[in-house]
Amino acid sequence: MQSNTLDAADPLAAFRARFIEAPDVVAYLDGNSLGRPLQVSIDALTEGATTAWAQRLIRSWDDGWIELPVTLGDRIAEAALGAAPGQTVVGDSTTVLLYKQVRAALALRPDRDELIVAVDDFPTDRYVLEGIAAERGATLRWIPSGDVSPDAVAALLGTRTAVVVLSHIAYRSGAIADVPAITALAHDVGALVIWDLSHSVGAFPIQLDEWDVDLAVGCSYKYLCGGPGAPAFAYVASRHLDEIRQPIQGWLGGAEPFAMGPGYRPGPGIRRMLSGTPPILSLLALGPAVDTVAEAGIERIREKSIALTEHAIGLADELLPDAILATPRDARRRGGHVTLDHPDFEAIMPKLWERGVIPDFRRPTGIRLGLSPLSTSFAEVESGIRAIAEELSEV
């Protein structure tokens with residue numbers, strides 16, 4: 001189907017006008033690395049700086065700042081995580097929150113010493129696990145490259161397994177892991193599972209409570225469009241909240257932050273996952289973006305995500321016949337981005353950027369098309385892929 005026809009029939013097309021356009025960009029195909037900014041987010045950031053910060057000053061802590069990590073966490077949980085209130089908090093980076101959660105999960109299984117992770121998962125996940133294994137004397141068990149199936153995980157599970165850490169959607173290929181099945185297998189042997197939702201939140205329907213997930217983390221600057229360096233979120237299932245203890249004991253995660261007492265006592269519920277002062281201005285910018293996702297509806301977002309990726313794959317089949325599709329062709333197994341491999345892709349990336357076509361490059365040979373449903377048009381996808389084909393023809 002023609003791109004213009006698809007755009008005309010797109011029920012989410014009106015949302016594109018809410019994003020700030022970059023005048024020199026013809027096709028922005030990197031929305032799963034950094035989402036485009038919404039005008040309402042810029043307005044909220046400006047208001048937060050010029051009024052809440054500049055005028056109210058420290059009084060703004062009593063005007064809602066102190067509760068913002070939890071109240072915004074609940075908004076993300078409702079809009080995009082399928083989680084009841086009181087289980088999600090926003091504050092640190094994904095790396096810091098993942099470290100907290102793995103250490104906390106290990107402490108919940110003190111008689112176990114094995115961690116399971118995939119060899120081709122995102123570097124942060126692997127590096128954090130390697131560091132914790134060295135710290136705690138734990139053993140890493142590696143899922144082979146390209147295989148995060150329930151069977152592959154089951155082959156490594158045992159009575160020594162403490163924690164399984166996996167990405168819901170693979171950062172390179174876009175393949176979707178079977179969260180309910182893998183979580184159930186881990187629970188059968190008494191292990192806990194932490195899911196990295198960075199490449200699914202805001203683009204894929206997630207049901208953390210229904211899937212019986214233990215813990216989860218995810219960033220907010222991709223499909224949630226929170227802005228560069230926007231804080232990540234952490235989810236802890238309510239059944240673990242009374243017992244869990246995270247290792248970075250800061251003042252804001254304590255039971256009485258302003259008492260300044262002599263010893264640390266963890267705060268109630270999900271607040272205990274906090275540590276230091278939250279990045280308030282970033283949280284203020286993120287809030288309207290989360291509300292926009294809620295307004296659009298995650299099911300409708302997923303429907304357009306499937307349509308965008310199918311359109312991209314069809315165009316690649318036609319215009320890039322020598323490229324290899326590294327993403328599952330079956331939409332039921334595919335997330336919100338498409339990765340294509342070709343030995344000349346790295347060479348043409350600077351030329352694409354020069355002409356205002358901005359995909360992502362993932363070594364050794366992959367161009368990744370991150371198609372953010374609320375801000376990406378079908379015509380934009382076609383313009384980008386035609387530009388890739390034109391540049392390849394010049395190599």
Side-chain angles (χ1 to χ4, degrees), residues 18-20 35-81 83-94 96-97 100 201-202 217-236 238 241 246 248-296 374:
R18 303 188 188 186
F19 291 84
I20 299 173
R36 276 178 158 157
L38 284 150
Q39 183 61 54
V40 287
S41 293
I42 302 301
D43 295 342
L45 185 59
T46 303
E47 173 71 12
T50 59
T51 301
W53 178 15
Q55 304 300 321
R56 291 294 292 164
L57 296 168
I58 200 169
R59 293 172 294 181
S60 288
W61 287 109
D62 293 330
D63 296 342
W65 279 4
I66 195 68
E67 295 300 327
L68 196 51
V70 175
T71 58
L72 182 53
D74 283 345
R75 285 155 70 186
I76 293 174
E78 180 180 10
L81 300 180
Q87 302 175 102
T88 308
V89 70
V90 189
D92 302 299
S93 67
T94 307
V96 172
L97 288 177
K100 288 181 178 183
V201 64
V217 298
C219 66
S220 64
Y221 49 78
K222 301 181 189 298
Y223 297 113
L224 291 183
C225 300
F233 61 87
Y235 163 91
V236 179
S238 57
L241 282 174
Q246 57 100 347
I248 306 177
Q249 298 182 170
W251 75 283
L252 198 63
E256 298 180 90
F258 294 100
M260 310 297 177
Y264 178 84
R265 291 185 298 113
I270 193 64
R271 290 200 68 91
R272 64 182 53 202
M273 295 304 294
L274 294 171
S275 297
T277 305
I280 292 298
L281 294 180
S282 290
L283 294 176
L284 294 175
L286 173 59
V290 172
D291 294 342
T292 302
V293 169
E295 180 187 348
L374 294 183

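For clarity, every value in this text was computed on a predicted model and none was experimentally measured.
Nearest heavy-atom pair across C225 and G35 is SG-CA, 4.0 Å. The shortest heavy-atom contact between Q55 and R59 is O-NH2, 3.0 Å. Between A255 and P268, the shortest heavy-atom contact is CA-CD, 4.5 Å. Between D74 and P85, the shortest heavy-atom distance links the atoms OD1-CA, 3.4 Å. Nearest approach of A77 to A84, heavy atoms of both residues: CB-O, 4.5 Å. Across all non-hydrogen atoms, the minimal contact from S275 to Q246 is OG-NE2, 3.3 Å.
Residue L57 places its CG atom among more than 12 non-hydrogen atoms of other residues, nucleotides or ligands, all under 6.0 Å distant.
The distance from atom CG of L45 to atom CG of L38, rounded to the nearest 0.5 Å, is 12.5 Å. Of the inter-residue distances, the one linking R56 atom CZ with W61 atom CH2 reads 14.0 Å to the nearest 0.5 angstrom. Expressed to the nearest 0.5 Å, how far CZ of R75 lies from CG of L81 amounts to 13.5 Å. The CG atom of L281 lies 12.5 Å from the CG atom of L286; values are rounded to the nearest 0.5 Å. Between atom CZ of residue F233 and atom CG of residue L72 there is a gap of 10.5 Å, rounded to the nearest 0.5 Å. The CD atom of E295 sits 9.5 Å away from the CG atom of L374 when rounded to the nearest 0.5 Å.
Residues I270 and T88 form no side-chain contact, since every pair of their non-hydrogen atoms from C-beta on lies 4.5 Å or further apart. Residues I280 and W53 form no side-chain contact, since every pair of their non-hydrogen atoms from C-beta on lies 4.5 Å or further apart. With a 4.5 Å cut-off on side-chain heavy atoms, I66 and L252 count as touching. Taking 4.5 Å as the limit, some side-chain heavy atom of R271 sits within range of a side-chain heavy atom of V70. Under the 4.5 Å side-chain criterion, counting only non-hydrogen atoms from C-beta, P231 is in contact with L283. Using a 4.5 Å heavy-atom threshold, the side chains of L284 and L68 count as touching.
Side chain of S60 to backbone of A52: a donor-acceptor contact under 3.5 angstrom is found. Formation of a donor-acceptor pair under 3.5 Å by the R272 side chain with backbone atoms of L241 is found in this model. Under a 3.5 Å cut-off, the side chain of Y264 and the backbone N or O of G253 do form a donor-acceptor pair. Between the side chain of S220 and the backbone N or O of G226 there is no donor-acceptor pair closer than 3.5 Å. Side-chain N or O atoms of K100 include one that pairs as donor or acceptor with a backbone N or O of M273 at under 3.5 Å.
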